[in-house]
2 protein chains.
Amino acid sequence: MDRETANDRCDCDVIHEEAVGRVRARLPDEEALCDLADLYKVFGDSTRIRILSAVDGDELCVCDIAALLGMSKSAISHQLRLLRQAGLVRGRRDGKIVFYSLADEHVHGILDLGLVHLSELR
Amino acid sequence: MDRETANDRCDCDVIHEEAVGRVRARLPDEEALCDLADLYKVFGDSTRIRILSAVDGDELCVCDIAALLGMSKSAISHQLRLLRQAGLVRGRRDGKIVFYSLADEHVHGILDLGLVHLSELR
DNA sequence: TGCTCAGTTGAGCAACCGTGCAACTATAAG
DNA sequence: CTTATAGTTGCACGGTTGCTCAACTGAGCA
């Protein structure tokens, strides 16, 4: 048999066609799900989560955040760039200082929903 | 000056002490924020997001999911393990077949909230 | 103009992560 | 028993990522 060597490339025949068809019909398109993964990827790092939590309700400059988290300004700035690109924080320049804050209410909602989920596991 | 070589270890003195103190008081403890990051880390991969979306409302076996996503059973199984460990999906064995489904309503809520956020950016 | 400080950026490196491969377990059927 | 199939797992490898370091920008001030 000249089947491809990968014995794993689903050659199984007992697929539940009805369920799979139903799912295929209701599944969001792949691009939307990739965007969703990219969004949550930004939340999936403890430094970024702590930054988001820090600027949730208060405006802080890079130095403030660096001191608060005990990290270098460079590291914070790198992460702030990702957060900006993802549209999760806004920067407002005042002289030499840039103040950061949450971009919108959704971000607060996502932080909150995750914490609620974790607290209800106990 | 025998300052440490890292010119970056926040030596700045214009920290906004009031704001930083306020934030430090209301910030969730570090462990909770790490757990939160670990939770969202699991959502931060397109394969896992597609699996979650697939089993959101339907029970599917590993073969079904592999066929649906056009991936190997091994890859799916690896990801399902992470999803199980994170408490996001449940597996129910029926003979040789293991059916997977979402673990609880929260997971659906998190998927949904993210999609709503993305859709409202346009 | 020149100095200082807040912040940004690119290169590089170590650690992490997703997947393929192959060997394995578990259940069913002959 | 043997065989077949659904699923799991450890290892290895290539790609990604978070941080440090050093150089840079830009605003304020003398």
Side-chain angles (χ1 to χ4, degrees), chain A residues 1 3-16 34 37-38 40-51 55 59-67 69-86 89-100, chain B residues 1 3-16 34 37-38 40-51 55 59-67 69-86 89-100:
Chain A
M1 45 177 65
R3 239 40 190 84
E4 51 252 72
T5 48
N7 72 345
D8 227 11
R9 278 282 155 208
C10 200
D11 47 350
C12 63
D13 31 27
V14 282
I15 288 187
H16 309 84
C34 275
D38 286 339
Y40 282 129
K41 206 171 291 180
V42 182
F43 285 87
D45 173 81
S46 65
T47 299
R48 289 192 292 269
I49 279 278
R50 289 193 296 159
I51 293 176
V55 300
E59 259 194 337
L60 295 176
C61 69
V62 178
C63 244
D64 292 338
I65 301 172
L69 306 193
M71 296 179 62
S72 72
K73 287 184 284 184
S74 173
I76 300 299
S77 188
H78 276 296
Q79 300 298 1
L80 280 170
R81 183 154 69 123
L82 289 182
L83 292 169
R84 249 186 288 118
Q85 285 171 346
V89 303
R90 272 179 306 121
R92 174 180 69 81
R93 179 149 222 145
D94 181 16
K96 287 194 289 189
I97 297 178
V98 181
F99 288 95
Y100 282 94
Chain B
M1 43 176 69
R3 235 47 187 82
E4 53 252 70
T5 48
N7 72 345
D8 226 11
R9 278 282 155 208
C10 201
D11 47 347
C12 63
D13 31 27
V14 282
I15 289 185
H16 309 83
C34 276
D38 286 339
Y40 281 129
K41 206 170 292 180
V42 181
F43 286 87
D45 174 82
S46 64
T47 298
R48 288 192 293 269
I49 279 278
R50 289 192 296 158
I51 293 176
V55 299
E59 259 195 336
L60 295 176
C61 69
V62 178
C63 245
D64 292 339
I65 302 172
L69 306 192
M71 296 179 61
S72 71
K73 286 185 284 182
S74 172
I76 300 298
S77 188
H78 276 297
Q79 301 298 359
L80 280 170
R81 182 154 69 121
L82 289 182
L83 293 169
R84 249 187 288 119
Q85 285 170 346
V89 302
R90 272 179 307 121
R92 174 180 69 81
R93 177 146 223 148
D94 181 14
K96 289 194 286 188
I97 298 179
V98 180
F99 288 95
Y100 282 94

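Protein chains get the first letters and strands the later ones, always in sequence-line order, with residue 1 at the start of each. Values below: every heavy atom of this structure, side chains too, minus hydrogens, waters and symmetry copies.
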Length of the line joining [X]:[atom1] and [N]:[atom2], which is rounded to integer Å:
{"X": "B:Leu60", "N": "D:dG7", "atom1": "CG", "atom2": "P", "answer": "11 Å"}
{"X": "A:Arg48", "N": "D:dT17", "atom1": "CZ", "atom2": "P", "answer": "9 Å"}
{"X": "B:Lys73", "N": "D:dT9", "atom1": "NZ", "atom2": "C1'", "answer": "14 Å"}
{"X": "A:Leu80", "N": "D:dG18", "atom1": "CG", "atom2": "P", "answer": "13 Å"}
{"X": "B:Leu82", "N": "D:dG7", "atom1": "CG", "atom2": "P", "answer": "18 Å"}
{"X": "A:Leu83", "N": "C:dG7", "atom1": "CG", "atom2": "P", "answer": "15 Å"}
{"X": "B:His16", "N": "C:dC5", "atom1": "NE2", "atom2": "C1'", "answer": "13 Å"}
{"X": "A:Ile15", "N": "D:dA6", "atom1": "CD1", "atom2": "C1'", "answer": "12 Å"}

Practice task
Could you tell me whether the side chain of B:Arg48 and the main chain of B:Lys41 form a donor-acceptor pair under 3.5 Å?
Solution key: yes
Problem - Donor-acceptor contact below 3.5 Å, side chain A:Arg93 vs main chain A:Gly95 - result: yes
To the nearest 0.5 Å, what is the distance between [atom1] on [X] and [atom2] on [Y]?
{"X": "A:Arg92", "Y": "A:Ile97", "atom1": "CZ", "atom2": "CD1", "answer": "10.0 Å"}
{"X": "A:Arg50", "Y": "A:Ser46", "atom1": "CZ", "atom2": "OG", "answer": "5.5 Å"}
{"X": "A:Leu80", "Y": "A:Tyr100", "atom1": "CG", "atom2": "OH", "answer": "5.0 Å"}

Exercise for the section: Have a look at B:Tyr100 and say if it touches a base, only the backbone sugar-phosphate, or nothing, with a 4.0 Å heavy-atom cut-off. Expected result: sugar-phosphate
Handout entry: Closest-nucleotide ordering on DNA chain D, the 5'-leading residue of A:Lys41 and A:Lys96
Key = A:Lys41
Problem - Contact nearer the 5' end of DNA chain D, comparing B:Val98 with A:Arg93 - result: B:Val98
Completion exercise
Closest heavy-atom pair, A:Val62 versus A:Lys73, reported as atoms and distance to 0.1 Å, is CG1-O, 4.0 Å
Would one find a side-chain N or O of [X] under 4.0 angstrom from OP1 or OP2 of [N]?
{"X": "B:Ser74", "N": "C:dG20", "value": "no"}
{"X": "B:Thr47", "N": "C:dT19", "value": "yes"}
{"X": "B:Arg84", "N": "D:dT8", "value": "yes"}
{"X": "A:Gln79", "N": "D:dT17", "value": "no"}

Collect all protein-nucleotide pairs involving nucleotides 11-13 of chain C in which both atoms are nitrogen or oxygen and the distance is under 3.5 Å.
none

Handout entry: Mutual orientation of the aromatic rings belonging to B:His16 and A:Phe99 [parallel < 30°, tilted 30-60°, perpendicular > 60°]
Key = tilted
Completion exercise
Closest to the side chain of B:Ser77, out of C:dT19, D:dT9, C:dT9, is D:dT9
